[in-house]
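By convention in this document, chain letters (A, B, ...) are assigned in the order of the sequence lines, proteins followed by strands, and residues within each chain are numbered from 1. Quantities reported herein were computed from a predicted structural model and do not represent experimental measurements.
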Number of protein chains: 2
Amino acid sequence: MIAELEVFAALADPTRWGLLDQLADRREATATVLATGLPVTRQAVVKHLAVLERAGLVTARREGREMRYAVRAERLNETARWMAAAARRWDDRLATIKHLAESAPTTDNQPPAP
Amino acid sequence: MIAELEVFAALADPTRWGLLDQLADRREATATVLATGLPVTRQAVVKHLAVLERAGLVTARREGREMRYAVRAERLNETARWMAAAARRWDDRLATIKHLAESAPTTDNQPPAP
DNA sequence: AGAATGTGCAACCCCAGAGTTGCACATTCT
DNA sequence: AGAATGTGCAACTCTGGGGTTGCACATTCT
């Protein structure tokens with residue numbers, strides 16, 4: 001469905017935030033290095049990074065025998081704006097039906113304020 | 001850990017977006033009504049609404065024999081701002097270490113500038 | 001070339017969560 | 001009071017995701 005679902009799913013895990021946090025400090029790091037800073041296996045880290053990459057929150061680039069990952073702050077920002085827009089649309093819709101309810105008298109069957 | 005995790009987890013499911021969508025149009029609705037607009041049971045809807053409520057994205061209020069749910073756009077907005085702030089912090093940190101890397105010549109083990 | 005180091009793949013375990021069904025209880029309607 | 005309608009609770013199934021281990025393959029170092 002919506003592409004943002006992958007972002008939300010990616011952000012719904014504490015371990016992944018740990019990874020993003022490390023990447024924000026290290027600028028670039030391999031799965032092996034990142035794993036040392038977390039209570040999980042390298043393999044687990046690799047899977048998490050795959051999820052983050054699919055969501056666009058991280059980029060991977062090969063450098064010789066190692067894979068270096070970097071955080072993509074823009075993607076987070078993008079999603080934040082997307083959410084703000086969604087929130088605004090909700091408000092608009094709610095305001096609209098509120099107006100309708102006020103102009104059209106009988107919600108069920110109440111006469112409007114005199 | 002972070003309270004926002006619950007929000008992200010809540011938003012990572014398409015069915016729940018369906019519920020939020022309906023609530024944005026109906027302003028208020030019961031689980032029974034919402035279920036008719038979705039391909040799942042009322043019970044499933046109830047569980048989803050519970051998740052959304054714990055995350056603060058929805059409010060529940062009892063009205064006689066029925067439970068009416070309403071969407072809370074502010075919560076979404078709040079989270080959006082939180083994310084934007086996080087993105088900004090990432091950028092700042094990345095900029096900082098970039099500066100460090102530039103001022104200190106060789107990436108590895110050079111004595112600091114005299 | 002051989003040892004080290006780093007990735008990648010596959011099989012497997014385990015549990016939280018999405019969903020269902022069945023039934024009891026509360027409230028409203030007639 | 002009795003029928004309808006709406007919630008709430010509990011037990012159960014089943015798939016996906018987080019995590020692990022073991023091993024094969026690639027690249028770098030000496």
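You'll find a donor-acceptor pair under 3.5 Å spanning the side chain of Lys47(B) and the base of dG19(C), going by distance alone. One cannot find a donor-acceptor pair under 3.5 Å joining the base of dG19(C) and the side-chain atoms of Arg42(B).
For dG19(D), the OP1/OP2 oxygens have no side-chain nitrogen or oxygen of Thr41(A) closer than 4.0 Å. For Thr15(A), a side-chain nitrogen or oxygen approaches OP1 or OP2 of dG19(D) to under 4.0 Å.
In the set dG22(D), dG18(D), dA10(D), the nucleotide with an atom closest to the side chain of Arg16(A) is dG18(D). Among the nucleotides dT20(D), dC9(D), dG19(C), the one closest to the side chain of Gln43(B) is dC9(D). Ranking dG8(D), dG19(C), dG18(D) by closeness to the His48(A) side chain, first place goes to dG18(D). Listed nucleotides: dG19(C), dG22(C), dG6(C). Nearest to the side chain of Arg65(A): dG6(C). The listed nucleotides are dA18(C), dT20(C), dG8(D); the one nearest the side chain of Val51(B) is dA18(C).
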Exercise. Reading DNA chain D 5' to 3', how would its secondary structure be written in dot-bracket notation, given Watson-Crick and G-U pairs with both distances under 3.5 Å, brackets [ ] for crossing pairs and | for partners on other strands?
Worked result: ||||||||||||||||||||||||||||||
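Using a 4.5 Å heavy-atom threshold, the side chains of Leu19(A) and Tyr69(A) count as separate. Here the side chains of Gln22(A) and Thr36(A) are not in contact, with every heavy-atom distance at 4.5 Å or above. Looking at Val7(A) and Glu78(A), their side chains never come closer than 4.5 Å, going by heavy atoms from C-beta outward. Between Met83(B) and Trp82(A) there is no side-chain heavy-atom pair separated by less than 4.5 Å. Between Met67(B) and Thr30(B), every side-chain heavy-atom pair lies at or beyond the 4.5 Å cut-off.
Remark: C1' of dA26(D) and CE of Met67(A) are 13 Å apart, rounded to the nearest angstrom. If you take CD of Glu53(B) and P of dG8(D), they are 10 Å apart, rounded to a whole angstrom. As a whole-Å value, the separation of Arg68(B) CZ from dG6(D) P is 11 Å. We find that CG of Leu49(B) is positioned 10 Å from P of dG8(D), with the value rounded to whole Å. In this structure, the CG atom of Leu11(B) is 16 Å from the C1' atom of dG17(C), given to the nearest Å. Residue Leu5(A) contributes atom CG, which lies 16 Å from atom P of dG16(D) at whole-angstrom precision. Atom CG of Asp13(A) is separated from atom C1' of dG17(D) by 9 Å (rounded to the nearest Å). Rounding to whole angstrom units, CD of residue Glu66(A) and P of dT5(C) are separated by 13 Å.
Note on Asp21(B) versus Arg89(A): no salt bridge recorded, every NZ/NE/NH1/NH2 to OD/OE distance being 4.0 Å or above.
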For this session: Would you sort out whether Leu49(B) and Glu53(B) count as a side-chain contact (heavy atoms from CB on, under 4.5 Å), showing the intermediate values?
Result: CA-CA 6 Å; Leu49(B) 288 171; Glu53(B) 193 185 7; over 6 Å; no
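Considering Leu23(B), Leu52(B), Thr79(B), Val71(B) as possible partners of Leu57(B), the one that fulfils the side-chain contact (heavy atoms from CB on, under 4.5 Å) test is Leu52(B).
Each of Thr30(B) and Ala9(A) was assigned the nucleotide of DNA chain D with the nearest heavy atom; the assignment lying further toward the 5' end belongs to Thr30(B). Between Ala44(A) and Arg62(B), the residue whose closest nucleotide on DNA chain D is further toward the 5' end is Arg62(B).
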